[in-house]
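Contents: one structure, followed by commentary.
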Amino acid sequence: MAEGVTPQNEDYSRWYTDVVQMADMADYAPVRGCMVIKPYGYALWENIHDALDRRFKDTGHVNAYFPLFIPMSFFEKEAEHVEGFSPELAVVTVGGGEKLEEPLAIRPTSETIIGHMYSQWIKSYRDLPVLINQWANVVRWEMRTRLFLRTTEFLWQEGHTAHATSEEAVEETLRMLDVYTDFAMNEAAIPVIPGRKSDSEKFAGAINSYTIEAMMGDKRALQSGTTHYMGQNFAKAFDIQYLDQNNELQNCWTTSWGLSTRMIGAIIMAHGDDKGLVLPPRLAPIQVVIVPIYKNDEERVPVMEAADSRFQQLKAAGIRVKLDDRTECTPGFKFNDWEMRGVPIRMEVGPKDVANQSVVLARRDIPGRDGKSFVSWADLETQISELLVTIQKAIFDKALAFREAHTYNVETIEELTKAVDDGFAMAWWCGSRECEAAIKAATKSTNRCIPMDQPGGSGKCIHCGAESTEKAIFGKAY
RNA sequence: CGGGGAGUAGCGCAGUUUGGUAGCGCACCUGAAUGGGGUUCAGGGGGUCGCAGGUUCAAAUCCUGUCUCCCCGACCA
């Protein structure tokens, strides 16, 4: 733990697990596939939570909470849903020492129980739309787990809405896709591709699923958030019905959408480097860390005084700042320590700086001298605020340039096979399951999505050659 | 779930082949010196070897079972 992480180009997977642990984000729990989210990782999640929650409320949603336990029979009401989720359910069969009459599933997602409640709450067109979100933990018994990316239990938010018309529900589904896109781009600084999932990749029980797909540092794809248009599938299965203006009974149209702690994995892999995390300023638990530098007590007093004043100055300006006053570590140690934790700006305050009434600022995203600047105390909060914005944009641009450099327009299966070894492949696709499956079998890559942003025109399906109007993105995914 | 690897101090490991009662580095504690890129020296604390059972005078070491983690595949947010 004393030295650095495994370099990315040596073993990306190990780099990832090293960073997660050494940056103090999470630790392994004594239960298979479960993790402990440590305070630093949780602080990042809280910022993700706040940034999303704000957006949900701005778009008219409210929060509520539904139970962890769901009667097993609920899963059997929607055919595709039960098929999709049964294999990964954790089920409680004993309570209080007694075998339960009906086993209880621990929620893998809450469409069923929320659908059940909606059927009781919704009576009239005047009750619609219902726009509820919940922040919760869910459990999916996955085969293989990875910290943040796929854990047995994870935290997320799941929005569940019910509408009077198909149009409204579709609109809601796309609106939330926009919300996720906006969040990913502007808060997490991850250039995501919003798109529609193919039939075989969509959510169990949905008519259409949408995703924001991101490219990680190893050029693999990560589905970072999803929204689903359920049509009337769940409304019919759970009797979510209302009386319209003509006193006629109608089924609702429902949606659901979720974004999980996986987003933390996305942030780590989209921006991180061999020195550790690189956090986007808008989400970083600590935006500026102050490292005081002194040789002896004589220097220590004025340096600490100046450092503390800077701390107060930034804090008053609403900047998330930390003063690293540990006496047992050398400055060099602290530099590496905070770089590992991805703090966007390091402020060095030493005797020379005190004499000049200035500080040294070092950017996490630009190593070495190039990322350093000298800033006077006077307008420090302004300079830092601007620098945080600059860094936010810089890491976004860097991630975008990386993705673009590793995205290929391909016209043959051979080209596609080659492309997915080095990123994303964009290809005309006829939309058939057969072609999708064939491509998957031939290239070991999957259809990530059909981007919302289409080039227009038409071309020949990369597999069957049929005239196609949409391009799809293929890649190797997490 | 299939294939491979591994569980010994907080972390990383040696010791296991040839059973004899546990060691190294880092971290931690104390002191001194140091301090603008992972300081140095000295002293010190901490484990009974993933867990359960078995063989034996004796088990980290041999046997059986079990749990967990990592890597690669099939499935998934």
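Here is how names work: the chains are called A, B, and so on, in the same order as the sequence lines, proteins then strands, and each is numbered from 1. These numbers come from the heavy atoms of this one structure, side chains and all, not from hydrogens, waters or symmetry mates.
The salt bridge (charged side-chain N to carboxylate O under 4.0 Å, His left out) pairs that include a residue from residues 180-192 of chain A are Arg54(A)-Glu187(A), Arg55(A)-Asp182(A), Arg55(A)-Glu187(A), Glu187(A)-Arg282(A), where partners are two or more places apart or lie in different chains. Within the structure, salt bridge (charged side-chain N to carboxylate O under 4.0 Å, His left out) pairs that include any residue of residues 220-231 of chain A do not occur (at least two apart or interchain).
Under the side-chain hydrogen bond (donor to acceptor under 3.5 Å, both in side chains) criterion, Trp429(A) pairs with no residue at all, not counting sequence neighbours. With sequence neighbours excluded, the residues satisfying side-chain contact (heavy atoms from CB on, under 4.5 Å) with Phe69(A) are Val92(A), Leu104(A), Ile106(A). A search for side-chain contact (heavy atoms from CB on, under 4.5 Å) contacts involving Arg140(A) returns Phe85(A), Glu88(A), Pro108(A), Thr109(A), Glu142(A), Phe154(A), Trp156(A), not counting sequence neighbours. Under the side-chain hydrogen bond (donor to acceptor under 3.5 Å, both in side chains) criterion, Ser209(A) pairs with His228(A), not counting sequence neighbours. With sequence neighbours excluded, the residues that form a salt bridge (charged side-chain N to carboxylate O under 4.0 Å, His left out) with Asp324(A) are Arg326(A), Lys334(A). Partners of Tyr294(A) by side-chain hydrogen bond (donor to acceptor under 3.5 Å, both in side chains), not counting sequence neighbours: none found. Residues forming a side-chain contact (heavy atoms from CB on, under 4.5 Å) with Pro331(A) (at least two apart in sequence, or on another chain): Val291(A), Ile293(A), Phe335(A).
Rounded to an integer number of Å, the gap from Lys476(A) NZ to G73(B) C1' is 12 Å. Between Asp324(A) atom CG and G37(B) atom C1' there is a gap of 14 Å when expressed in whole angstrom units. In this structure, the CD atom of Glu213(A) is 10 Å from the P atom of A77(B), given to the nearest Å. Atom CH2 in Trp45(A) sits roughly 16 Å away from atom P in A77(B) (whole-Å rounding). Between the C1' atom of A27(B) and the CE atom of Met340(A) lies a distance of 15 Å, rounded to the nearest Å. Distance Glu88(A) CD to C75(B) P: 13 Å, rounded to the nearest Å. Put simply, CG on Leu149(A) is 10 Å from C1' on A77(B), counting in whole angstrom units. Following rounding to the nearest Å, Glu111(A) (CD) and A77(B) (C1') show an atom-to-atom distance of 12 Å.
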Tabulated below should be each protein N or O lying under 3.5 Å from an N or O of nucleotides 40-43 of chain B; please produce it.
none

Return the polar atom pairs (N/O with N/O) between nucleotides 34-36 of chain B and the protein under 3.5 Å, or none.
| residue | atom | partner | partner atom | Å |
| --- | --- | --- | --- | --- |
| G35(B) | O2' | Tyr294(A) | O | 2.8 |
| G35(B) | N7 | Lys295(A) | O | 2.5 |
| G35(B) | N2 | Thr327(A) | O | 3.2 |
| G36(B) | O6 | Pro351(A) | N | 3.2 |
| G36(B) | O6 | Lys352(A) | N | 2.9 |
| G36(B) | O6 | Asp353(A) | OD2 | 3.3 |
| G36(B) | N1 | Asp353(A) | OD2 | 2.4 |
| G36(B) | N2 | Glu348(A) | OE1 | 2.9 |
| G36(B) | N2 | Asp353(A) | OD2 | 3.3 |

Using atom names, set out every protein N or O paired with an N or O of nucleotides 1-9 of chain B below 3.5 Å, distance rounded to 0.1 Å.
none

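Taking atom P in both G53(B) and A59(B), one finds a spacing of 13 Å when rounded to whole Å. Look at the P atom in both C63(B) and G7(B): the space between them is 15 Å, to the nearest Å. Distance check on atom C1': A14(B) versus A9(B) gives 14 Å, rounded to whole Å. Atom C1' of C28(B) sits at a distance of 14 Å from the matching atom of G47(B), rounded to the whole Å. Across U21(B) and U61(B), the matching P atoms stand 14 Å from one another, rounded to whole Å. Nucleotides A6(B) and C49(B) have their C1' atoms positioned 14 Å apart, rounded to a whole Å. Taking atom P in both C70(B) and G54(B), the straight-line distance is 32 Å, to the nearest Å. Straight-line distance between the C1' atoms of U56(B) and G19(B): roughly 9 Å, to the nearest whole Å.
Toward the 5′ end of RNA chain B lies the nearest nucleotide of Thr17(A), the other residue of the pair Phe203(A) and Thr17(A) mapping further downstream. Residue-to-nucleotide proximity on RNA chain B shows that, of Leu147(A) and Phe154(A), the 5′-proximal contact is made by Leu147(A).
In this structure, Glu436(A) does not pair ionically with Arg433(A), as no charged nitrogen and carboxylate oxygen lie closer than 4.0 Å. With respect to the salt-bridge test (charged N to carboxylate O, under 4.0 angstrom), the residues Glu299(A) and Lys352(A) do not qualify.
Contact annotation: Thr152(A) side-chain N/O to C76(B) OP1/OP2 distance is not under 4.0 Å. For Lys440(A), a side-chain nitrogen or oxygen approaches OP1 or OP2 of C75(B) to under 4.0 Å.
Between the base of C76(B) and the side chain of Arg140(A) there is no donor-acceptor pair shorter than 3.5 Å.
As the counterpart of C41(B), G31(B) is assigned, both hydrogen-bonding distances of the Watson-Crick or G-U wobble pattern falling under 3.5 Å. In a base pair of the Watson-Crick type (N1 to N3 plus N6-O4 or O6-N4) or a G-U wobble (N1-O2 and O6-N3), with each distance short of 3.5 Å, G73(B) is matched with C1(B). Under the Watson-Crick or G-U wobble criterion, with both distances below 3.5 Å, G10(B) is paired with C26(B). Base pairing of G53(B): its partner is C63(B), meeting the Watson-Crick or G-U wobble criterion (both donor-acceptor distances under 3.5 Å). With a cut-off of 3.5 Å on both Watson-Crick or G-U wobble distances, the partner of U48(B) is given as none.
A ring-centre distance under 6.0 Å is not found for Phe148(A) and Trp45(A).
Heavy atoms of Gly265(A) sit nowhere under 4.0 angstrom from any nucleic acid atom. Across all strands, Glu142(A) comes closer than 4.0 Å to base atoms (heavy-atom distances). Residue Thr151(A) is in base contact, counting any heavy-atom pair closer than 4.0 Å across all strands shown.
For Arg146(A), whose side chain is taken as the heavy atoms from C-beta onward, the closest listed nucleotide among C71(B), C75(B), G37(B) is C71(B).
When side chains are defined from C-beta on, Phe311(A) does not count as touching Asp325(A), because their heavy atoms never get closer than 4.5 Å.
There is a side-chain donor-acceptor pair under 3.5 Å between Thr161(A) and Thr255(A).
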